[in-house]
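Notes follow once the structure below has been shown.
Order of listing sets the numbers, starting from 1, for every ligand and every atom in it. Side-chain atoms are counted along with the backbone in the values below, which use heavy atoms only and exclude waters and symmetry mates.
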Amino acid sequence: MIEIYGLNKIYDNRVEALKKITAKISKKRTAIIGRNGAGKTTLIRILSTQLMPTSGYALINGLNILKDEEEIRKKVSCIPQEARPVGLLTPYEHILIYLTARGYSFKNASEEARKALKEVNLWENRNTPADELSGGMKRKLFVAMALASNAELVFLDEPTTGLDPLSRLEVWTAIKGLGSDLVLTTHYMEEAQSLADELIFMENGTIIKQGTAEEVLSEFKGKVRIESRKPVDNWKKAGGLYIKYVDSEEAHEYVKMGYDVKQITLEDLFFKYGVEIES
Ligand SMILES: Nc1ncnc2c1ncn2[C@@H]1O[C@H](COP(=O)(O)OP(=O)(O)O)[C@@H](O)[C@H]1O
Ligand SMILES: [Mg+2]
């Protein structure tokens, strides 16, 4: 359980990356979704005690990020967005080093490393230098590290960004094998839906929506999205298009006028609540 109270972060360059966020995260698996710059990494780094907030605080299973960092770090494993393996070290060595740094004895670390490598399907490559692993295998290695740590709570920051679709599926399978509570960030809607029970939509340093996929889409029930490439008065500009939501029974009227009609997806939350960024 994560409780977030008025969390605010202003970087030295005056960018306000988090705007007084208050939220509760109580589901087993939560995905934070948002485009680049939304504040996902900032939030995860603060919650895993790697970064101090400017104001506000959060409780991780009752422990305060401002006072109990040491306790929290024992219970939490965080795989950063920019995590890269050390080229000459093997997957087995990576996990061994990670676990001994977390206080495991060599014997226990070795046992956990073996289990995790089998679990994420990296066993055959356990002794391959990381340099020679594919992008997907490298990401799986980090999932294996989180898995082996037996942390209560695992943060994965964009675990599949930049991977091809097949490798992404493999990493998903590895992530599904994690027994810990999980908070992951992503900008892929399918990833969020496939891996998480609860979705948190972030935009511009704020949470615009939180809930299960069904809950967050309930306001769009029975509706469709009408799209126009040309500006239309009073329609919302979103994703380079002009859009409007109407009851599905009205859709045929708009088809007659030459507009495109689209089914509702999770993206519609950003279309409806998002801020249009001019490019
Ligand atoms: N170390 C930093 N110093 C200054 N600004 C930063 C720093 N890290 C992130 N930012 C800014 O804070 C905002 C949120 O960034 P970030 O948390 O990385 O978002 P996301 O992970 O959703 O892409 C962005 O505008 C980004 O440029
Ligand atoms: Mg990020």
Side-chain angles (χ1 to χ4, degrees), residues 2 4-23 25 29-58 60 65-66 69 72 76-85 135-136 138-143 145-146 153-163 167-168 171-172 175 178 182-196 198-211 216 238-239 266-279:
I2 303 174
I4 300 169
Y5 297 99
L7 215 51
N8 182 248
K9 178 68 191 181
I10 302 172
Y11 284 109
D12 293 341
N13 59 4
R14 309 308 301 157
V15 169
E16 192 176 14
L18 294 182
K19 298 177 179 158
K20 298 202 169 69
I21 287 180
T22 295
I25 300 178
R29 289 158 177 269
T30 304
I32 302 174
I33 313 164
R35 63 180 135 199
N36 290 338
K40 305 180 298 295
T41 297
T42 303
L43 178 57
I44 279 209
R45 295 194 67 215
I46 291 176
L47 294 177
S48 56
T49 76
Q50 301 169 62
L51 186 69
M52 281 290 279
T54 305
S55 62
Y57 68 103
I60 310 288
I65 55 162
L66 302 182
E69 311 99 277
I72 291 174
V76 164
S77 168
C78 182
I79 306 300
Q81 187 172 349
E82 65 284 354
R84 299 284 174 275
K138 286 177 185 158
R139 299 309 305 188
K140 282 204 293 184
L141 166 54
F142 285 107
V143 177
M145 287 163 77
L153 173 62
V154 170
F155 291 102
L156 298 176
D157 198 0
E158 300 206 17
T160 68
T161 297
L163 293 183
S167 310
R168 176 168 304 143
V171 175
W172 285 5
I175 292 173
L178 282 168
L182 172 70
V183 176
L184 68 91
T185 73
T186 183
H187 48 245
Y188 302 112
M189 298 288 171
E190 336 83 82
E191 177 156 301
Q193 262 186 304
S194 163
L195 297 177
E198 184 165 73
L199 312 173
I200 291 180
F201 290 80
M202 276 191 80
E203 173 100 333
N204 233 349
T206 62
I207 293 178
I208 55 175
K209 249 327 172 201
Q210 178 177 5
V216 296
L266 287 173
E267 264 100 357
D268 285 289
L269 280 166
F270 287 109
F271 292 158
K272 180 154 182 200
Y273 295 105
V275 198
E276 182 65 16
I277 295 169
E278 299 295 338
S279 50

- [ ] Please find out if the Mg ion (ligand 2) and some N, O or S atom of Asn36 are separated by less than 2.8 Å.
- [x] no

- [ ] Evaluate the 4.0 Å heavy atom contact test for atom 27 (O) of ligand 1: does a protein atom fall under the cut-off?
- [x] no

Open item on the list: Below a 4.0 angstrom heavy-atom separation, can you tell me which part of Met202, side chain or backbone, both or neither, approaches ligand 1?
Closed with: neither

Open item on the list: Tell me whether the NZ or CZ atom of Lys9 lies within the 45° cone about the ring axis of Tyr11 and under 6.0 Å from its centre.
Closed with: yes

Task: Side chain, backbone, both or neither: the part of Val15 lying under 4.0 Å from ligand 1 by heavy atom - done: side chain

Open item on the list: Checking Lys272 against Ile208 for the side-chain contact (heavy atoms from CB on, under 4.5 Å) test, could you report, in this order, the C-alpha distance in whole Å, the side-chain angles of both residues, the deciding distance, and whether it holds?
Closed with: CA-CA 10 Å; Lys272 180 154 182 200; Ile208 55 175; over 6 Å; no

Task: Taking atom 23 (O) of ligand 1 as the reference point, the nearest protein heavy atom with its distance - done: Gly37 N, 2.7 Å

Open item on the list: Looking at ligand 1, would Glu158 count as a contact under a 4.0 Å heavy-atom criterion?
Closed with: no

Task: N/O donor-acceptor pair under 3.5 Å between Arg139 side chain and Thr160 backbone - done: no

Task: Side chain, backbone, both or neither: the part of Asn13 lying under 4.0 Å from ligand 1 by heavy atom - done: side chain

- [ ] Answer yes or no for Gln81: is there an N/O/S atom below the 2.8 Å cut-off from the Mg ion (ligand 2)?
- [x] yes

Open item on the list: Any heavy atom of Gly34 closer to ligand 1 than 4.0 angstrom?
Closed with: no

